[in-house]
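None of these values were measured; they are calculated from a predicted model. Below, chain A is the first sequence line, B the second, and so on; all start at residue 1.
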Amino acid sequence: MNHRPPRLEGQDGLRIPAGCAISAFINKDGTRTSGDVIRKSIAVMHERSNGLGGGFAGYGIYPEYKDYFAFHVFYMSTKAKDECEDYLERNYDIINLSKIPTRKHKNITDAPLIWRYFVLPLPTKLDACQKTADEFVAHAVMYINTNIDGAYLFSSGKDMGVFKAVGFPEDVGEFYQLENYAGYAWTAHGRYPTNTPGWWGGAHPFAMLDYSVVHNGEISSYDANRRFIEMFGYDCTLQTDTEVITYIFDYLCRHEGLTLREAASVVAAPFWEVIGKTYDYRKREEWEFLRRAYSSLLITGPFSIILGYSGGLMALNDRLKLRSMVVGERGDTVYIASEECAIRAISPQLDKLWSPDGGEPVIVTINN
Amino acid sequence: MIHDYIYPEFEVARDYDKCVVCRACERQCANEAHVYKEKYDKMTCINENCVNCHRCVTICPTHALKIVRSGDTYKRNANWQNWIINELVRQAGSGAALLSSMGTPEPYPVYWDKLLINASQVTNPSIDPLREPMEVRMRLGATPGTKPQRGADGRLKTQLPPSLNLSVPIMFSAMSYGSISYNAHSSLAQAAQQLGIYYNTGEGGLHRDFEQYGGNTIVQVASGRFGVHQGYLDMGAAIEIKMGQGAKPGIGGHLPGKKIVEDISRTRMIPEGTDAISPAPHHDIYSIEDLRQLVYSLKEATRYTKPVIVKIAAVHNIAAIASGIARSGADIIAIDGFRGGTGAAPTRIRNSVGIPIELALAAVDSRLREEGIRHRVGLVAGGSIRNSADVVKAIALGADAVYIATGALLALGCHLCRSCHSGKCNWGIATQRPDLVKRLNPEIGAQRLVNLVTAWEREIKEMMGGMGINAIEALRGNRAMLRGVGLNETELNILGVKHAGA
């Protein structure tokens, strides 16, 4: 049985633009909230999606396995599953594996097999290839998604997980029984792709290790960004903005050791005019350095993104703020969404509500 | 007896009803195509002397003149065309190699014209450059390609290799003082300074009067090493090692002794009246490791304060050559396509050697990316960039900036008569004859160059805005913004673009 439509995103270089809705929240005190809350938030922005992709990322959802990489994999066939599991067994210590629980849903059809594995790289394999565990896993993601036909590894971080499907996000949340998960941070996405088919892998969030990205926009710098990032071992198979944005943050933060704030100054670099007028010479030099050293990672065109990572969220708009995004605060919880209604739906009373400037990152971390 | 007479290619057509016998054409034509017949008080023409430079056409106060292609022809033959026969006859008579100027006029494919640019519709907004910031500033140079370091305070160490700071990604490419006139050089230098870009000395050294423009000057070190000294290297904003030229890959240069007049002799540091011969290879560079030594010699000499450019002609194996250069310490690679101009080149070489810049640029950019070193070197494309759309396409294919020269000369009055090698340029550009040089006013020349680049800059911003791109970096290598028309699979693969509609 073939679940994939005839021409997939990424296949033959097919690139599909999409408009979207995004929503997220984080409890700074680390309290874990049910996934049903974020489902309610994104459901309000129903009109911003068209039923061709929805998804969620939860952080802190696997406390009992928090030291293990949680792999979420779509299989289009049992053959792909066998092949992938064979690969995993050869390279990883698999301490738990199971089907991801789902419920039957009238609006979610053509589901692939969806499996979850908690794993650690085999120490002997790690030694042999002289990689860190993160690098080893990043390589596995690339390997499986490029080489094992019919297998798609879409979540690979620790103590976090991505749940996504073709459908409206509120239906996707019900399908995955999100009410049974609790996390300190959640992100959500409703997709409005311009093509008809859409497939499960193309839904957001897009994740790499513990980085996950939900994104609303269409970046005009895509091919410049892609061709740069592909020099460093990343393979943009999906040809989506979200994929390349995730890799950019993974590259800048993990590979190059930049802070999130510095990485934000790369992708939404201050205008040269602003840099030139900045009095603080250290700031000026730093901005100029980042803009020059990573000039091909500047992202242009409209975008609002929420980047999830272990212990925090970052929200970022393009330099001109061509996409809406608001931030609200209530007690220890910070909310971010495309529209205010998505925040009010789950937190009617807010202490603070504002619209961040273009290019100005909003970074929220949990206190510990 | 074999007669070698060849009927002239052009005829001067004079409207005698309009001609007022002011004799301006006669005075202005250095080729002496116009003659006054005193007996009849009439102007007449020697068509054999006309090079079709259009000087007389543009200055004639009554617009009585036009130049027409002569209808003379041999029996129609698709293989043995007129010009092929004529060139052969000339060689049979003279025993000499043929000489030509400027870029090849042969009908090779111009890939720029088969590439189309994208624009935003619905899914993302186009950006109006009149309302929103639109950045075309380009920092041209190398980045280290190593993980950034932090100081003890945790702050990033912000040192980067030296770079050029271009207000718009266009530079004037190398034309030596000698091949072009003092006033042409003066125009280029002034314009580069006013525009915040760079011009290039070529291999003829830097005239003392132009040292004041050093901050906007690229000083060239070519195989003849004319005019190269410590002060020269220190004067420039960047140093360019000329390995080759698109119009004549594989050969050197020859400026005849009669052009080595006093000023040029001093600037080039060679005796007056001697031929200035640039050898085909640099005699200290016989392989890539030798190039590395020259690159680092120049960097040592200038204390690592200036980027070093290596300029090469686009030839068959260009991708591998460029990859070698990128690893040789060069900060910037300049590629010159085979349609690029020249002050003089053997005709057969100009018309038959090298490859188009579009394919060379795409191949080099792709190769450098495959090898993961594209960011470690700047890439400049030259060799017939004709308008702002060519600039946008070159950058989308992968260039950081472009070099223009023929376009700049056209702005200064050149009409592409391709007779530079005669030294009798009626426009005061490719000549050292004082009476001709003074026809080019450097202030006006500079203004026209500023106009040209400013106009292109506006158009580039409009096209970028249409694509929804507001920084030139995001256009660089952004091949998804290009589509091909009428190109075959191989061409599309090399260019790395899809066909229109795909």
Side-chain angles (χ1 to χ4, degrees), chain A residues 12-19 192-194 217-228 230-233 239 241 252 255-259 262 269 271-274 276 281-303 318-320 322-323, chain B residues 118 120-127 132-133 135 137-139 141 143-150 153-161 163 165 167 365-366 368-375 395-396 398 400 464 467-482 496 498 502:
Chain A
D12 307 323
L14 182 66
R15 189 167 138 68
I16 295 163
Y192 200 132
T194 52
E218 189 195 339
I219 60 177
S220 52
S221 55
Y222 175 78
D223 221 30
N225 303 143
R226 175 187 70 83
R227 296 183 70 232
F228 181 86
E230 285 193 346
M231 288 201 291
F232 304 98
Q239 308 256 328
D241 295 349
L252 289 175
H255 192 274
E256 296 292 283
L258 298 188
T259 64
E262 287 163 349
F271 289 99
W272 285 118
E273 201 186 340
V274 174
Y281 78 95
R282 290 195 300 193
K283 189 97 226 152
R284 196 168 63 228
E285 283 179 356
E286 187 181 298
W287 277 344
E288 187 176 330
F289 169 82
L290 291 169
R291 187 151 184 196
R292 275 187 60 200
Y294 304 104
S295 58
S296 290
L297 296 181
L298 173 68
I299 299 178
T300 59
F303 68 82
D318 63 271
R319 316 193 288 170
L320 295 178
L322 295 169
R323 279 289 187 274
Chain B
N118 192 29
S120 308
Q121 293 290 295
V122 183
T123 53
N124 70 355
S126 42
I127 302 168
E132 305 282 356
E135 298 188 306
R137 179 167 297 283
M138 182 66 94
R139 297 298 290 260
T143 54
T146 50
K147 196 172 160 170
Q149 305 293 307
R150 289 182 192 274
D153 58 355
R155 284 181 165 270
L156 287 169
K157 289 189 177 170
T158 53
Q159 281 90 352
L160 277 174
S163 67
N165 193 346
S167 69
D365 179 72
S366 298
L368 295 179
R369 285 173 197 270
E370 277 163 29
E371 298 186 5
I373 54 173
R374 173 64 186 87
H375 57 305
I395 292 174
D400 291 271
M464 283 170 59
M467 289 181 268
I469 290 174
N470 63 5
I472 197 89
E473 299 104 301
L475 175 64
R476 180 186 48 209
N478 195 336
R479 296 190 188 172
M481 290 296 157
L482 297 176
K498 292 199 238 177

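Using a 4.5 Å cut-off between heavy atoms, R139(B) touches chain A through its side chain atoms alone. For a residue to count as touching a neighbouring chain, one of its non-hydrogen atoms must lie under 4.5 Å from one of that chain's; by this rule F228(A) touches chain B with backbone and side chain alike. Looking at I127(B), only its side chain comes within 4.5 Å of chain A, counting heavy atoms on both sides.
The OG1 atom of T300(A) sits 5.0 Å away from the CD1 atom of I469(B) when rounded to the nearest 0.5 Å. To the nearest 0.5 Å, atoms CG (D400(B)) and OG (S296(A)) are separated by 8.0 Å. In this structure, E288(A) CD and T158(B) OG1 are separated by 8.5 Å, a value rounded to the nearest 0.5 Å. Distance check, rounded to the nearest 0.5 Å: CG of L298(A) to CZ of R291(A) gives 5.5 Å. Note that the CZ atom of R227(A) and the CG atom of L368(B) stand 10.5 Å from one another [nearest 0.5 Å].
By number of non-hydrogen pairs under 4.5 angstrom with chain A, the leading residue of P148(B), G372(B), G145(B), S366(B) is P148(B). Between chain B and the residues I299(A), L297(A), D318(A), L258(A), the largest count of heavy-atom pairs under 4.5 Å involves L258(A). For the set E286(A), E262(A), R226(A), E230(A), the entry with the most heavy-atom pairs within less than 4.5 Å of chain B is E262(A). Ranked by heavy-atom pairs shorter than 4.5 Å toward chain B, the options H255(A), E273(A), E285(A) are led by E285(A). With chain A as partner, the option from M467(B), H375(B), M138(B) having the largest number of non-hydrogen pairs under 4.5 angstrom is H375(B). In terms of heavy-atom pairs under 4.5 angstrom with chain A, the leader among E371(B), E370(B), E473(B) is E473(B). Of the listed residues (R137(B), R155(B), E132(B)), the greatest number of heavy-atom pairs within a distance under 4.5 Å of chain A belongs to R155(B). Per-residue heavy-atom pair counts under 4.5 Å with chain A were compared for L475(B), I373(B), N124(B), T143(B), and the maximum is reached by N124(B).
Taking F303(A) as the reference, nothing meets the ring pair (Phe, Tyr, Trp, His ring centres under 6.0 Å) condition, with sequence neighbours excluded. Annotation: side chain to side chain contact (heavy atoms under 4.5 Å, CB included) contacts of K157(B) (sequence neighbours excluded): Q149(B), Q159(B).
Between R476(B) and R374(B), the closest side-chain pair of non-hydrogen atoms falls below 4.5 Å.
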